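The first residue of the sequence shown is numbered 1, and numbering continues consecutively from there. In this text the structure is predicted, and so the values were computed from the model without any measurement.
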Amino acid sequence: MDTRVSELFGSGNGHGSGSQGVVSGVKSGNGYGTAPKKACKNKKGKSRFSRNFKPSNNTPYLPPEAEEGNIEYKLKLVNPTQYRFEHLATQMKWRLQEGRGEAVYQIGVEDNGMLVGLSEEDMMASLKTLHRLAEKVGADITVLREQEVDYDTDVPRKIAEVLIRKVPDDQQFLDLRVAVLGNVDSGKSTLLGVLTQGELDNGRGRARLNLFRHLHEIQTGRTSSISFEILGFNSKGEVVNYSESRTAEEICESASKMITFIDLAGHHKYLKTTIFGLTSYCPDFAMLVVSANTGIAGTTREHLGLAMALKVPIFIVISKVDLCMRATVERTVRQLERVLKQPGCNKVPMVVGSTDDAVTAAQQFAQSPNITPIFTVSSVSGESLDLLKVFFNIIPPLSKSKEQEELMQQLTEFQVDEIYTVPEVGTVVGGTLYSGICREGDQLVVGPTDLGQFHKLTVGSIQRNRSACRVLRAGQAATLALGNFDRSLLRKGMVMVSPEMDPTICWMFEAEIVLLFHAKTFHKGFQVTVHIGNVRQTATVEAVYGKEELRTGEKAVVLFKFIKHPEYLKVGAKVLFREGVTKGIGHVTKLQHIAQDLPSQSEDEEV
């Protein structure tokens with residue numbers, strides 16, 4: 001494990017080397033390290049310390065404060081002047097904007113990361129000032145944790161970590177998408193049922209019944225389609241789910257942060273559905289559910305590999321701990337730690353055993369892609385479910401506000417993932433807005449058809465999480481009503497784009513690939529199912545440049561050709577292909593364009 005990371009983590013709850021160790025100067029489990037000698041010589045920091053504080057080589061520290069990001073260090077906020085108060089309020093607005101509505105304040109910490117701590121009186125005064133600042137900018141604050149810093153002083157000193165949340169004025173709520181992966185019968189749907197319904201399971205699958213979409217899923221207890229479930233948190237960090245709110249609309253109204261779970265299939269025969277969910281819905285995080293009594297079995301490794309290949313940050317939930325002895329659970333944890341530390345994974349496992357660990361895990365998980373939190377929960381007894389909720393409440397969005405703004409300034413591009421016909425509404429499409437902004441009444445074009453054409457359409461109403469929405473922004477998932485637009489002209493994998501855009505349509509494309517596994521050799525004429533974003537189609541290998549054939553682990557640039565219809569692709573898009581046991585990943589390097597016909601006025605369909 002990287003020494004820097006091992007210094008940052010003091011989460012000593014007895015599982016594995018990735019999460020052990022007590023740090024000098026601070027109690028174990030708070031995620032703080034010990035200061036290097038240089039930090040103690042910082043003149044600016046030393047001049048601001050109170051008389052009875054003398055920094056030593058054992059002074060605990062955090063990484064120095066970053067100019068960007070949503071984390072702010074404050075030594076103390078006691079009775080600021082009016083000018084200073086206005087400056088602090090402006091600073092808070094900046095941090096909230098950087099965190100897309102969330103900021104974390106560390107009170108009692110120097111700008112260089114040194115944990116100085118405050119007396120009880122100064123801490124109370126600083127938190128009071130923080131309350132006033134939050135009220136001024138229209139935010140709410142929650143004290144995540146307070147920690148005593150042990151020094152050789154008579155007066156006990158504390159540091160506090162405070163979460164500040166404010167929903168941006170142009171948004172209904174903060175939204176994070178979590179893909180749920182894991183082997184069949186590992187308890188994925190049951191866990192989601194318990195989290196979103198607010199009632200524990202009876203041990204026979206009662207909690208998952210509300211999540212199933214088909215009769216055969218209820219009969220077999222196996223998920224075969226992609227379903228979406230929502231878990232909300234209000235501005236004070238309290239859970240908002242179906243136990244108090246009857247409808248999704250009520251949850252959306254009272255929640256300031258929304259976690260959308262994408263429940264994917266665990267069985268191997270539904271693998272194409274699982275891959276489609278991972279590639280097309282652009283999840284922020286992936287939750288791998290492992291059953292404590294079976295451990296790593298079936299598709300668990302495969303799902304872990306898929307998430308890593310698509311660079312989706314992953315955390316692990318070990319379920320069904322009520323069925324096992326403690327030794328069995330610990331054996332499963334050790335098994336997971338071994339897999340995560342393998343050269344192919346290079347992850348740092350971190351077992352979460354307390355609220356303190358959950359707070360640290362959420363922050364470090366967002367900052368470093370190598371950190372992998374591990375939770376041990378039970379959907380029947382409710383064990384450690386509150387830790388998982390703390391984690392979801394604190395976890396920040398990965399994409400920065402600047403990236404979001406840049407995407408919103410581009411032309412509109414909506415990926416079509418689902419198509420429905422709703423009585424009295426007409427044709428409805430579900431998917432994700434990749435770039436730009438979409439409003440009710442916007443004129444867009446949809447395609448490509450089998451001939452590479454695009455048809456005009458008008459967007460009717462928009463819904464997010466089953467509640468009405470007037471404006472859709474880049475990165476958000478929604479359903480759009482298209483009125484009487486002919487459903488037969490639509491298919492999954494199409495895009496709805498702004499008429500000004502010149503979409504790149506192609507039958508053939510080149511990709512630089514790595515063959516992850518193949519039983520024999522990979523050569524010209526081989527057919528595979530290609531997944532690129534929301535595109536899923538069979539393609540033929542037309543050429544393997546520089547080589548006659550490929551074997552497992554080898555790299556090459558390959559020319560693919562779609563066999564059914566042309567697709568809209570972009571250079572740089574991630575490629576994932578499979579055929580039986582054959583699997584490979586890569587990215588698009590070149591497109592062979594075809595000239596597409598522009599839509600004629602006669603094809604225009606009004607709502």
| field | Intermediate values then yes/no, side chain to side chain donor-acceptor pair (under 3.5 Å), Y105 and E161 | value | CA-CA 6 Å; Y105 271 58; E161 194 163 18; over 6 Å; no
| said: Please tell me whether K492 and Q415 have a donor and an acceptor in their side chains that are separated by less than 3.5 angstrom. | reply: no
| message | Using side-chain heavy atoms (C-beta onward) and a distance below 4.5 Å, is V428 in contact with L482? | response | no
| task | Give a yes or no answer on whether the side chain of R491 reaches the backbone of P448 with a donor-acceptor pair at less than 3.5 Å. | result | yes
| message | For a ring pair (Phe, Tyr, Trp, His ring centres under 6.0 Å) check, start with the C-alpha distance between F261 and F392, then their side-chain angles and the critical distance, and finish with the verdict. | response | CA-CA 11 Å; F261 293 106; F392 284 132; 5.3 Å; yes
| field | Any side-chain heavy-atom pair of L516 and I585 under 4.5 Å | value | yes
| query | Can you name the closest pair of heavy atoms from M496 and V446 and give their distance? | reply | CG-CG2, 3.5 Å
| Judged by atom type as modelled, is there a donor-acceptor pair below 3.5 Å linking the side chain of K456 to the main-chain atoms of L444? | no
| Can Y545 and E510 be counted as having a side-chain donor-acceptor contact under 3.5 angstrom? | yes
| request: Please answer whether the main-chain N or O of A265 pairs with a side-chain N or O of T274 as donor and acceptor at a distance below 3.5 Å. | output: yes
| said: So does A539 get a backbone contact from the side chain of K561, meaning a donor-acceptor N/O pair under 3.5 Å? | reply: no
| If we ignore angles and hydrogens, is there a donor and acceptor under 3.5 Å between the side chains of S280 and N534? | no
| query | Given side chains that start at C-beta, do those of N234 and S254 come closer than 4.5 Å, heavy atoms only? | reply | no
| said: Pair V289, V180 - check side-chain contact (heavy atoms from CB on, under 4.5 Å), show working. | reply: CA-CA 7 Å; V289 182; V180 185; 3.9 Å; yes
| message | Quiz question: by atom type and distance under 3.5 Å, do the side chains of R487 and T427 form a donor-acceptor pair? | response | no
| Approximate separation, where rounding is to 0.5 Å, of L569 CG and W507 CH2 | 12.5 Å
| field | Carboxylate-amine/guanidinium contact E567 R536, below 4.0 Å | value | no
| Plane angle bin for F365 and F285 - parallel if under 30°, tilted between 30 and 60°, otherwise perpendicular | tilted
| query | Among side-chain atoms of T458 and Q443, is any donor-acceptor pair under 3.5 angstrom? | reply | yes
| field | Side-chain donor or acceptor of D263 paired with backbone N/O of E229 under 3.5 Å | value | no
| query | Can you tell if the side chain of L176 reaches within under 4.5 Å of the side chain of M258, non-hydrogen atoms only? | reply | no
| task | Mind telling me whether F276 and Y281 have parallel, tilted or perpendicular rings, with 30° and 60° as the class edges? | result | perpendicular
| field | Minimum-distance pair of heavy atoms, taken over all atoms of V352 and A358 | value | CG1-N, 3.6 Å
| field | Test item: T129 side-chain N/O and L77 main-chain N/O as donor-acceptor pair under 3.5 Å | value | yes
| Hey, does I513 have a side-chain heavy atom less than 4.5 Å from the side chain of F577? | yes
| query | Are T260 and D175 linked by a side-chain donor-acceptor pair shorter than 3.5 Å? | reply | yes
| Above 12 or not: heavy atoms from other molecules or residues under 6.0 Å from NZ of K570? | yes
| task | Nearest 0.5 Å please: distance from the CG atom of L174 over to the CZ atom of R100. | result | 8.0 Å
| Are side-chain heavy atoms of V528 and F560 found at a separation under 4.5 Å? | yes
| query | Under the 3.5 angstrom rule, does the side chain of T412 hit a backbone N or O of V497 as a donor-acceptor pair? | reply | no
| task | List in chain and number order the residues that pass side-chain contact (heavy atoms from CB on, under 4.5 Å) with T81, two or more places apart in sequence or in another chain; answer none if no residue qualifies. | result | Y83, R84
| How many angstroms lie between CZ in R95 and CD in E68, if you round to the nearest 0.5 Å? | 9.0 Å
| Pairwise side-chain contact, H455 with F485, heavy-atom cut-off 4.5 Å (strictly under) | yes
| task | Would you give the length of the straight line joining atom NZ of K564 to atom OG1 of T538, rounded to the nearest 0.5 angstrom? | result | 7.5 Å
| field | Any side-chain donor near an acceptor of the partner, Q410 and Y434, under 3.5 Å | value | no
| request: Let me see the working for K166 and E102 under salt bridge (charged side-chain N to carboxylate O under 4.0 Å, His left out), right down to the final yes or no. | output: CA-CA 6 Å; K166 178 186 186 289; E102 287 184 335; over 6 Å; no
| query | After noting the C-alpha distance and the side-chain angles of V571 and L591, does the key distance pass the side-chain contact (heavy atoms from CB on, under 4.5 Å) rule? | reply | CA-CA 7 Å; V571 172; L591 304 175; 4.1 Å; yes
| request: To the nearest 0.5 angstrom, please state how far the OG1 atom of T360 sits from the CZ atom of F391. | output: 11.5 Å
| request: Determine whether the side chains of S488 and D486 contain a donor N or O and an acceptor N or O closer than 3.5 Å. | output: yes
| query | Quick one: are I395 and K257 in side-chain contact, heavy atoms under 4.5 Å? | reply | yes
| remark: Nearest heavy-atom contact between L191 and M287 is CD2-CE, 3.9 Å
| task | Any chance you could lay out the salt bridge (charged side-chain N to carboxylate O under 4.0 Å, His left out) test for K74 and D111, step after step, and finish with the verdict? | result | CA-CA 7 Å; K74 282 283 172 257; D111 285 351; 5.6 Å; no
| task | Output the distance between atom CG (L306) and atom NZ (K583), rounded to the nearest 0.5 Å. | result | 8.0 Å
| said: Quick check against the 3.5 Å criterion: does H587 have a side-chain atom that pairs as donor or acceptor with the backbone of K574? | reply: no
| said: Just by distance, no angles: are the side chains of E86 and Q82 close enough, under 3.5 Å, to form a donor-acceptor pair? | reply: yes
| Can any side-chain N or O of E65 pair as donor or acceptor with the backbone N or O of Y73 at less than 3.5 Å? | yes
